[in-house]
There are 2 protein chains.
Amino acid sequence: MPRNRRPRQREEKREEIVSAARILFLERGYEEVSLARIASAAGVTSTTIYWYFTDKDELLVAVLDVVLAESLQRWTDLAELDLADKLVWVTAELKGMGRLVDTVHNRRLSSRAVDTWHENFHSMADALTRAELPADMPTTDAEAHCQIITFVVEGLLTHDHDPATARSIIDTLVQGIVRSQ
Amino acid sequence: MPRNRRPRQREEKREEIVSAARILFLERGYEEVSLARIASAAGVTSTTIYWYFTDKDELLVAVLDVVLAESLQRWTDLAELDLADKLVWVTAELKGMGRLVDTVHNRRLSSRAVDTWHENFHSMADALTRAELPADMPTTDAEAHCQIITFVVEGLLTHDHDPATARSIIDTLVQGIVRSQ
DNA sequence: ACCTGAACACCGTTCAAGT
DNA sequence: ACCTGAACACCGTTCAAGT
C-alpha cells in the first residue's frame, strides 16, 4: 500500500527530530541548544526542521506534548494513592523537568503556540487536581486549593529541594486542605 | 573637590543605563531587548555598557537590585497589616514583575550572577516570611509554610489572575496556616 | 578612565535550487 | 514532497583605537 508508506516515513523523521530535541532540551535547556545541534543529532540539516515545524517554539510544543502524554499515562496507575502521595509522585516523576517549566513560562510571552499549550496544561492540571479534592468542597475553596497545589508543585519542580523537604512541604500543604473541611 | 567628581559621574552614567534597562526589561522582557536598544535609550553605544557591566546578566542583576530595594523600602510601611493583607499587597506591588521572575528563573541556570541573586533573594524572602508566622510554631512547620507562601506568591505573579481570585487564593492559603496552629 | 566602530562567532529563519 | 547550502538580519561580546 504505497499510500501508507510516505506518511509513515514522515512521521518517523518527525519523531526523530522531536526525540533528539527532547534529550537536548532536558540536558542543556531550550535556549542553550541550537537548531543546528538538534538537527545534527537527528541526522538532518537545520533547515530541514522547518519542513516539519514552523519554528523552534513549535518544536518545543511537540516535545512538551510527548513528555506530558507519557507522564499522564503513568498518572493513571496511581488511582489508589492519597493526595499527598500523588503529589510526591508528581514532583519525583517530573524531577529534572524544572528547566522545561521555566522555559514554558518564559517562551509563553513570545510564542502563541507555547502560550496555548501552557493554558491547556493548566486547565488539565486543574481538572485533575479538582478530582482529588472532596466532592462536597465549595467551588470557591476548591478552585483556590487547586491553584495553591499547582503553584507549590511548580515551585518544587523549579527550585529543587531534597526529597525529605519536598515531602514535608507537601504534607503541610495537604494538612491545610484537609483541615479546611 | 575633583576627587569626587569622577566617581559621581560614573555613578550617574551607570544609573542611566540601569534605569533604561529596567524600563525596557519590564516593558518587553529581558530576552526581547537587545543591548543596542538599551544603549541607545541611555545615550551610549552598546559596547559602552561593557565598561560598566561584565555582561547582560550582570546588568539584569543591577536592575533586580534597584527594583528589590524599592519594594523592600515600601514593605516597611506595612508593619500593622496581617499576613493575608501583606501578601495581597506584595502581589499587587510586584504586579507586572512576573516577566522578571520568569527571567530570573530562566537565566539562573546559565549565569552564576543571576543564580547568586536568586539564592539571596529566597533567603531574604524566607526570613521576612518567617517573621510573619507565629513565634511558637515548630521550625519544620514554619519552614514548610514559608516555602508554600513563596511558591504561591511566585505563582500569582507569573500567572496573573484578577485581584478577586488572587485575594481568594491568599485567604485560603492563610486560613490553612492559621488552622494548623 | 572612558567610549567608540569594526569585527567575530553564533543564532533562528528564509529562500532559491536541487531531487 | 522533501531536503539542502547559501544568505539574511540580528545577537552578545571582544578588541584595537581613539580621547
Side-chain angles (χ1 to χ4, degrees), chain A residues 1-18 20-21 24-25 27-63 103-104 106-114, chain B residues 1-18 20-21 24-25 27-63 103-104 106-114:
Chain A
M1 61 267 309
R3 197 152 43 90
N4 270 359
R5 193 181 268 150
R6 282 308 207 151
R8 176 119 222 154
Q9 274 171 215
R10 176 178 173 85
E11 204 33 56
E12 276 165 20
K13 195 98 219 157
R14 210 191 110 104
E15 274 165 25
E16 268 175 56
I17 295 170
V18 171
L24 290 165
F25 285 168
E27 249 175 30
R28 326 241 179 218
Y30 176 80
E31 15 265 322
E32 245 55 52
V33 176
S34 70
L35 286 177
R37 182 80 187 73
I38 297 166
S40 98
V44 292
T45 296
S46 75
T47 49
T48 299
I49 294 179
Y50 286 88
W51 182 255
Y52 294 91
F53 304 93
T54 66
D55 56 22
K56 197 185 179 186
D57 287 299
E58 299 233 23
L59 174 54
L60 171 62
V61 168
V63 169
T103 299
V104 168
N106 201 251
R107 291 305 305 160
R108 156 178 65 112
L109 302 162
S110 304
S111 158
R112 194 75 205 106
V114 177
Chain B
M1 61 269 301
R3 196 151 45 90
N4 270 0
R5 193 183 269 151
R6 282 306 207 155
R8 177 120 220 155
Q9 273 171 215
R10 177 177 172 86
E11 204 32 56
E12 276 166 20
K13 196 96 218 158
R14 210 191 110 104
E15 273 166 26
E16 268 175 56
I17 295 171
V18 171
L24 290 165
F25 286 168
E27 249 174 29
R28 326 243 177 217
Y30 176 80
E31 16 265 322
E32 244 55 52
V33 176
S34 70
L35 286 176
R37 182 79 188 73
I38 296 166
S40 98
V44 292
T45 296
S46 75
T47 48
T48 299
I49 294 179
Y50 286 87
W51 182 256
Y52 294 92
F53 305 93
T54 67
D55 57 23
K56 197 184 179 187
D57 287 299
E58 298 234 22
L59 174 55
L60 171 62
V61 168
V63 169
T103 299
V104 168
N106 201 251
R107 293 305 306 160
R108 156 177 65 111
L109 302 162
S110 304
S111 158
R112 195 73 206 105
V114 176

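Note that the coordinates shown come from a computational prediction; the quantities given were computed from them, not determined experimentally. In what follows, every heavy atom counts, from backbone to side chain, and hydrogens, waters and symmetry copies are set aside. Reminder, nothing fancy here: chain letters follow the sequence lines and each chain counts from 1.
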A:K13 side, atom NZ; A:I49 side, atom CD1 - distance, nearest 0.5 Å: 11.0 Å
Any strand: nucleotide that pairs with C:dC8 via Watson-Crick or wobble, under 3.5 Å: D:dG12
Spacing between B:D57 atom CG and D:dG12 atom C1', to the nearest angstrom: 10 Å
Atom-to-atom span, OH of B:Y50 to C1' of D:dA17 - whole angstrom: 19 Å
Touch class at under 4.0 angstrom, heavy-atom based, for B:Y52 against every strand present: sugar-phosphate
Nearest-0.5 Å distance, CD of residue B:E32 to CD of residue B:E27: 12.5 Å
Closest listed nucleotide, where the reference is the side chain of B:T45 and the choices are D:dG12, C:dC3, C:dT4: C:dT4
Gap separating the NZ atom of A:K56 from the OH atom of A:Y30, nearest 0.5 angstrom: 5.0 Å
Interatomic distance where CG belongs to B:L35 and C1' belongs to C:dC3 [whole Å]: 15 Å
Distance, rounded to the nearest Å, where A:E16 contributes CD and D:dC2 contributes P: 14 Å
Assigned partner base of C:dT19, Watson-Crick or wobble definition, under 3.5 Å: D:dA1
Side chain A:T47 and base D:dG5 donor-acceptor under 3.5 Å: yes
Nearest-Å distance for atom pair CD1/C1', residues A:I49 and C:dC15: 17 Å
For atom CZ of A:F53 and atom C1' of C:dG12, their distance in whole Å: 15 Å
Sugar-phosphate only, base, or nothing, as touched by B:S34 at under 4.0 Å among non-hydrogen atoms: sugar-phosphate
Of the listed nucleotides C:dC3, D:dC3, D:dT13, the one nearest the side chain of A:W51: D:dC3
Least distance between heavy atoms, B:D55 atom then B:Y50 atom: CA-CE2, 4.0 Å
Nearest-nucleotide pick for A:K13, side chain only, options being D:dT13, D:dC3, C:dT13: D:dC3
Spacing of B:R28 atom CZ relative to D:dC11 atom P, expressed in whole Å: 13 Å
Donor-acceptor under 3.5 Å (B:T45 side chain, B:T47 main chain): no
B:Q9 CD to D:dT19 P, straight-line distance once rounded to whole Å: 20 Å
